Amino acid sequence: QPRLVESGGGLVQAGGSLRLSCTYYPGHTFRTFAVAWFRQAPGNERQFVAAVSRTAEDNRYSDSVKGRFTISRDNAKNTVYLQMNNLKPEDTAVYYCAASPLPYDNPRHYGYWGQGTQVTVSS
């Protein structure tokens, strides 16, 4: 069964930056999947953040993070990154990566999920 592992979360002040990583195992099938990032704050629904297609020709972002976050992938390292700049307190959440054949923005279309990494932005 595929496994995804997130890392890079932490505590940062408003206006700061973090880079999250999502590594996929086993690596030989990584290039067949689109990968998305979702986030969930306590008491809220899981929210779409960004997605990258298999060949990175189609990158998608939620309106709340456009211009601040950048998603990218390195197929040689079986890893997807989420560069988060100009962080705001409302970005505080557990961030999850997920894999799908296409870069959907609905979490119901994703069959494989990581364990999540906590991002906390202080004011």
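Computed from a prediction, not measured in an experiment: that's the story for all the values here.
Side-chain contact between V35 and Y110 is absent, with no heavy atoms from C-beta onward closer than 4.5 Å. In this structure, the side chains of Y61 and I71 come closer than 4.5 Å at one or more pairs of heavy atoms. Taking 4.5 Å as the limit, some side-chain heavy atom of L20 sits within range of a side-chain heavy atom of M84.
No donor-acceptor pair closer than 3.5 Å links the side chain of R31 to the backbone N or O of N75. Of the possible polar contacts, one joining the Q115 side chain to the E6 backbone as a donor-acceptor pair under 3.5 Å is found.
A salt bridge links D63 to K66: at least one charged side-chain nitrogen sits closer than 4.0 Å to a carboxylate oxygen.
Summarising the geometry of S53 relative to A34, their closest heavy-atom pair is CA-CB, 4.0 Å, with the distance given to 0.1 Å. For the residue pair P89 and A14, the shortest heavy atom distance occurs at CD-CB, 4.2 Å. Closest heavy-atom contact between D58 and P103: OD2-CG, 3.9 Å. Scanning all heavy atoms of the two residues, the minimum distance from V80 to R73 falls at CG2-CB, 3.7 Å. T29 and P26 get closest at one heavy-atom pair: OG1-O, 3.4 Å. Smallest separation of non-hydrogen atoms from R68 and N86: NH1-O, 3.0 Å.
With respect to F38, the ring-ring contact (aromatic ring centres under 6.0 Å, His included) criterion is satisfied by exactly one of Y96, W113, Y104: W113. Under the side chain to side chain donor-acceptor pair (under 3.5 Å) rule, Y95 has a single partner from Q40, Q118, R39, which is R39.
At a threshold of 4.5 Å between side-chain heavy atoms, the hydrophobic network of Ile, Leu, Val, Met, Phe, Trp and Tyr places V49 and L18 in one connected group. Linking Ile, Leu, Val, Met, Phe, Trp and Tyr whenever their side-chain heavy atoms come within less than 4.5 Å leaves Y81 and V52 in two separate clusters. Residue L102 is grouped with residue F48 when hydrophobic side chains (ILVMFWY) are merged at heavy-atom distances under 4.5 angstrom, including chains of intermediate members.
At most 12 heavy atoms of other shown residues, nucleotides or ligands fall within 6.0 angstrom of atom CZ in R54.
Aromatic ring centroids of Y112 and Y24 lie 6.0 Å or more apart.
If you check the side chains of S17 and N85, you find a donor sitting under 3.5 Å from an acceptor. No donor-acceptor contact under 3.5 angstrom links the side chains of T92 and T120, judged on distance only.
In this structure, CG on L4 lies 8.0 Å from CZ on F30, to the nearest 0.5 angstrom. Between the OG atom in S123 and the CD atom in Q13 there is a gap of 9.5 Å [rounded to 0.5 Å].
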